[in-house]
Amino acid sequence: MKVVLPDQTELELPNRSTGLDAARAIGPKLAEQAVLVRANGIVQDLRLPLEDGQPIQILTTRDTSDPDALYVLRHSSAHLLAEAVRRLYPGVKVAIGPPIENGFYYDFDFPEPIHDEDLPRIEAEIAKELEEGREWTREQISRDEAKARFESEHEPYKVQLVDTAEGDISLYTQGDFTDLCRGPHLQNSKPIKALKLTGIAGAYWRGDSTQPQLTRIYGTAFYSQADLDAHLERLAEARKRDHRVLGQRLDLFHFDEHSPGSAFWHPKGMVIWNQLEALRRRENARRGYVEVKTPLIYDKALWVTSGHWEKFRENMFLIPLDNDQVYGIKPMNCPGHMLLFGETLRSYRELPLRYAEAAPLHRNELAGALHGLTRVRYVTQDDAHLFCTQEQIPSELDGCIDYLRFLYGRFGLEPRAEFSTRPDGKLGSDEEWDFAESELEAALKRNGIEYVLGAGEGSFYGPKIDLHVTDVLGRSWQLGTIQLDRQMPQRFGLTYMGADNTEHPVFVIHRALYGSFERFIGILIEHYGGAFPFWLAPVQVRVLPVGEGHLEAATAIVERLRAAGYRVDVGEPTETIGKRIRASELEKIPFTIVFGDRESEQSLAIRERGGDQTEDSLPDFLTKLATLGA
RNA sequence: GCCGGAGUAGCUCAGUGGUAGAGCACCGCUCUUGUAAAGCGGGUACGAGGGUUCGAUUCCCCCCUCCGGCUCCA
């Protein structure tokens, strides 16, 4: 047989040769440093046979930043962790231990809880393993054999995994630890030059909250200590961009224990909010939306009709009244909009009817799920409900997608699209979902949007197109969403009178493009690292009089700029000019004007955020600002 | 909600079974400033409740909040 190397040369090999055989055929050094092979672009264990004619690429310990090379390193590291834990904690049961983005974890069922202080001890045990050196061997056995083996080792989680696995089972052994594992793995532990355990957390077996909770140990590993150091440095840098840190430092918002999950918006934070609101209003109007306002609380009967009582009650704040009635504070606007639409018999001439409302919503999120602005209980969606005929669905979806592109382009955000399909416990029939899902998927394809499938991730009333972005800590958050809903209008008995003088069912598209103001602003803070573009900056220009004698002239400049509509303040000369410039930089104000003896309205000393300095007349500066406006 | 961790001044942190300290911020005074921190002085704090103890910020219990995960979701 032969395989094709990356430089297109062909390598002749005996039949059934493995990746390692191929490496050996090229050179002993390569064989020693090899960590895995990419065969036909797919990662494969070095111990597995190649196929005739395949293009192959051998990755080595020198591919220190290749994601696949890191993956295999970390996967093997997870096995070292398990070996160490089994030695230190007799009676522990092992579950699973995969590599993940930036590291790896292993889930254990400990007889006694372990704590942060245990980590150094485990790390030391792993260091010992690394010092001794470990080799991985791979074997393939039948399912029955594997099951018997893990049963005799009293590893119930492994037995369960075997039960649900398909085909033969592969095992990897290093030291005295054998794990059920698909691989691939390193040849030996030599390439693991830096390994660090990063934390302990609870995690449900198989990600299911009805299953027992296991103890997850997180760690990370690299091909060099320098890479680990750089990784930790990046984390520290990311932390500085964290919207919770910047929100405080830039005086944008805060949280108080008297209302967990509900932000207090400071004046500077409200500037950003209001800029987003203005953009939304302007663009909604341009795109044929109409603004409405609906109640915040409704009786139980409304929530029963909408399906929220059945599907969403856990997340709702309820208000019991004396007379056995219960009211619920709205977690979504849709039921109110259904009532509004159904208030009168609608004509086909009125459709599509696009109701927009950015009302406060309250969702009783689990206490442990709250997270800065990205997961709050008091949430404000830039919500809209598009009531339309079946025929209008494609064009309405196209309109939403166009709007999305416009909006995200405005901020330079590049979200990932996810197509979320029917969940367990959906409302409505499979046929209705077939239709709704096909409409959404067609819209994605028609508009050339790449997406991943979120099977079972849809809302209880309809499938969704979701937009996700990643925060500085690598967590993915959903922002915008477009959902097609047949259920809600049906439940509210909504119809329209067609041109044929009969009543037809109404469809509703639920759509929020920012998603929520809170989460969107949280993401923007991190996206810009607090250095907002001019049109969003809470303070756009600060004027600094050099001394007391310049305060009056500086204030006049401020007034001129304010009159032109800009957000401007003055930094009074209570401190040295150097210190006030520093403060202005730390507050990330786009322009700082220093005004002293040398300046006049004809020659302003203008410092841009970051330190660049120019000289400009006030009228020219105003002209320049106009080009930066929203 | 679950697992683990943490709550000391506005912020970042130190510290103790005998009621606490620093830097920054803030306030006052001095200086009168030229593109990322001028000098001196000053005020302010042990998350809530209960217990052990002569005495608890410190030890124990419970609650709350926050942090890292899990689950869940804009």
Side-chain angles (χ1 to χ4, degrees), chain A residues 105 107 110 113-119 198-218 239 242 244-245 248-249 251 254-261 312 314-315 331-332 361 363-377 379-383 420 423 457 459 464 466-468 473 475 477-481 483 510-520 522-523 544-550 573-587 592-599 605-613:
Chain A
Y105 67 79
D107 285 348
F110 283 94
I114 66 159
H115 306 276
D116 282 3
E117 301 85 70
D118 290 270
L119 291 184
T198 51
I200 297 178
Y204 299 107
W205 170 235
R206 303 208 141 161
D208 181 344
S209 57
T210 65
Q211 298 273 357
Q213 189 161 43
L214 307 172
T215 302
R216 177 169 296 177
I217 300 179
Y218 283 93
R239 177 71 191 156
D242 189 317
R244 294 166 299 181
V245 174
Q248 178 184 278
R249 239 195 59 209
D251 193 20
H254 82 275
F255 288 91
D256 186 277
E257 63 180 306
H258 289 295
S259 187
F312 210 75
E314 303 279 289
N315 285 306
M332 300 182 192
L361 307 175
R363 299 181 177 182
N364 193 8
E365 299 289 347
L366 293 176
L370 299 178
H371 185 93
L373 288 177
T374 49
R375 181 64 129 286
V376 291
R377 288 189 172 141
V379 58
T380 314
Q381 292 182 325
D382 60 321
D383 210 359
S420 301
E457 302 280 312
S459 187
K464 315 189 289 179
D466 293 328
L467 295 179
H468 296 256
L473 298 175
R475 289 179 277 227
W477 298 99
Q478 183 193 317
L479 296 178
T481 182
Q483 316 174 350
H510 307 239
R511 123 309 60 145
L513 304 182
Y514 294 136
S516 75
F517 283 81
E518 290 83 0
R519 183 175 288 179
F520 198 80
I523 291 294
L544 301 179
V546 170
E548 283 290 347
H550 310 109
T574 53
E575 280 292 351
T576 58
I577 189 71
K579 188 160 182 177
R580 284 177 287 145
I581 287 166
R582 175 178 153 82
S584 194
E585 284 288 348
L586 289 175
E587 288 175 53
T592 302
I593 296 175
V594 175
F595 198 95
D597 287 340
R598 299 181 210 148
E599 283 74 30
I606 298 162
R607 179 190 169 105
E608 286 189 41
R609 182 170 54 198
D612 288 350
Q613 285 172 53

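The chains referred to below are lettered A, B, ... by the order of the sequence lines, with proteins before strands, and numbering in each begins at 1.
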For a 4.5 angstrom cut-off between non-hydrogen side-chain atoms, does [X] reach [Y]?
| X | Y | answer |
| --- | --- | --- |
| A:Arg377 | A:Asn364 | yes |
| A:Phe517 | A:Gln381 | no |
| A:Val546 | A:Pro573 | no |
| A:Arg511 | A:Gln483 | no |
| A:Tyr218 | A:Leu119 | no |
| A:Pro331 | A:Phe312 | yes |
| A:Arg519 | A:Gln478 | yes |

Quick check for you: to the nearest 0.5 Å, what is the distance between [X] atom [atom1] and [Y] atom [atom2]?
| X | Y | atom1 | atom2 | answer |
| --- | --- | --- | --- | --- |
| A:Ile593 | A:Gln613 | CD1 | CD | 12.5 Å |
| A:Phe520 | A:Asp382 | CZ | CG | 8.5 Å |
| A:Thr576 | A:Arg582 | OG1 | CZ | 10.5 Å |

Looking only at atom [atom1], what distance separates [N] and [M], rounded to whole Å?
| N | M | atom1 | value |
| --- | --- | --- | --- |
| B:C46 | B:G39 | C1' | 32 Å |
| B:G21 | B:C64 | P | 34 Å |
| B:G47 | B:G43 | C1' | 22 Å |
| B:A45 | B:A22 | P | 14 Å |
| B:G18 | B:U71 | P | 45 Å |
| B:G4 | B:A38 | P | 48 Å |
| B:C54 | B:G17 | C1' | 12 Å |
| B:U16 | B:U57 | P | 16 Å |

Take atom [atom1] of [X] and atom [atom2] of [N], then tell me their distance rounded to the nearest Å.
| X | N | atom1 | atom2 | value |
| --- | --- | --- | --- | --- |
| A:Leu214 | B:G4 | CG | C1' | 14 Å |
| A:Phe110 | B:C3 | CZ | C1' | 12 Å |
| A:Arg580 | B:A38 | CZ | C1' | 12 Å |
| A:His258 | B:G47 | NE2 | P | 14 Å |
| A:Phe255 | B:G7 | CZ | C1' | 18 Å |
| A:Arg582 | B:A37 | CZ | C1' | 5 Å |
| A:Glu599 | B:U35 | CD | P | 11 Å |

Let me spell it out: for each of A:Phe595 and A:His115, pick the nucleotide of RNA chain B with the closest heavy atom. Which residue's pick is nearer the 5' end?
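Checking each residue's closest nucleotide, the 5'-ward one belongs to A:His115.
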Least distance between heavy atoms, [X] atom then [Y] atom:
| X | Y | result |
| --- | --- | --- |
| A:Gly372 | A:Phe255 | O-CZ, 3.3 Å |
| A:Asp466 | A:His468 | CB-NE2, 3.5 Å |
| A:His550 | A:Asp597 | NE2-OD1, 2.7 Å |
| A:Asp116 | A:Ile200 | N-CD1, 3.8 Å |
| A:Ser584 | A:Thr592 | OG-OG1, 2.6 Å |

How does protein contact run along nucleotides 23-32 of chain B, one letter per nucleotide 5' to 3', with B for base contact, S for sugar-phosphate only, - for none, heavy atoms under 4.0 Å?
--S-------
Base-contact (B) and sugar-phosphate-only (S) positions in nucleotides 67-74 of chain B, heavy-atom cut-off under 4.0 Å, - elsewhere:
SBBBBBBB
Could you pull out all residues at least two apart from A:Arg475 that satisfy side chain to side chain contact (heavy atoms under 4.5 Å, CB included)?
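Counting only residues at least two positions away or on another chain, A:Arg475 forms a side chain to side chain contact (heavy atoms under 4.5 Å, CB included) with A:Arg244, A:His371, A:Asp471, A:Leu473, A:Trp477.
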Using the 3.5 Å cut-off, write out each protein N or O paired with an N or O of nucleotides 8-14 of chain B and the distance between them.
| unit_1 | atom_1 | unit_2 | atom_2 | d |
| --- | --- | --- | --- | --- |
| B:C11 | O3' | A:Gln248 | NE2 | 3.1 |

Here's a test for you: under salt bridge (charged side-chain N to carboxylate O under 4.0 Å, His left out), which of A:Arg609, A:Arg580, A:Arg607 qualifies with A:Glu585?
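Going through the options one by one, the only one that passes is A:Arg607.
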Touch class at under 4.0 angstrom, heavy-atom based, for A:Leu544 against every strand present
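Nothing, no nucleic acid heavy atom in range.
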Sugar-phosphate, base or nothing in reach of A:Ala605, heavy atoms under 4.0 Å:
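Since a base atom lies under 4.0 Å of A:Ala605, the category is base.
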Got a salt bridge between A:Glu365 and A:Arg375, using NZ or NE/NH1/NH2 to carboxylate O under 4.0 Å?
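Counted as a salt bridge, because a side-chain N and a carboxylate O are separated by less than 4.0 Å.
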Which atom pairs link the protein and nucleotides 42-44 of chain B when you take only N or O atoms and keep those under 3.5 Å?
none

Of the candidate nucleotides B:G5, B:U35, B:G1, which contains the atom at the shortest distance from the side chain of A:Arg607?
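Selected nucleotide: B:U35.
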Duplex segments of RNA chain B, taken as runs of at least three Watson-Crick or G-U pairs that stay under 3.5 Å
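So the stems come out as B:1-7 with B:64-70, B:10-13 with B:21-24, B:26-30 with B:38-42, B:49-51 with B:59-61.
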Determine whether a donor-acceptor pair (one donor, one acceptor, N or O, separation below 3.5 Å) exists between the side chain of A:Glu257 and the base of B:G7.
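In this structure, the two groups form no donor-acceptor pair.
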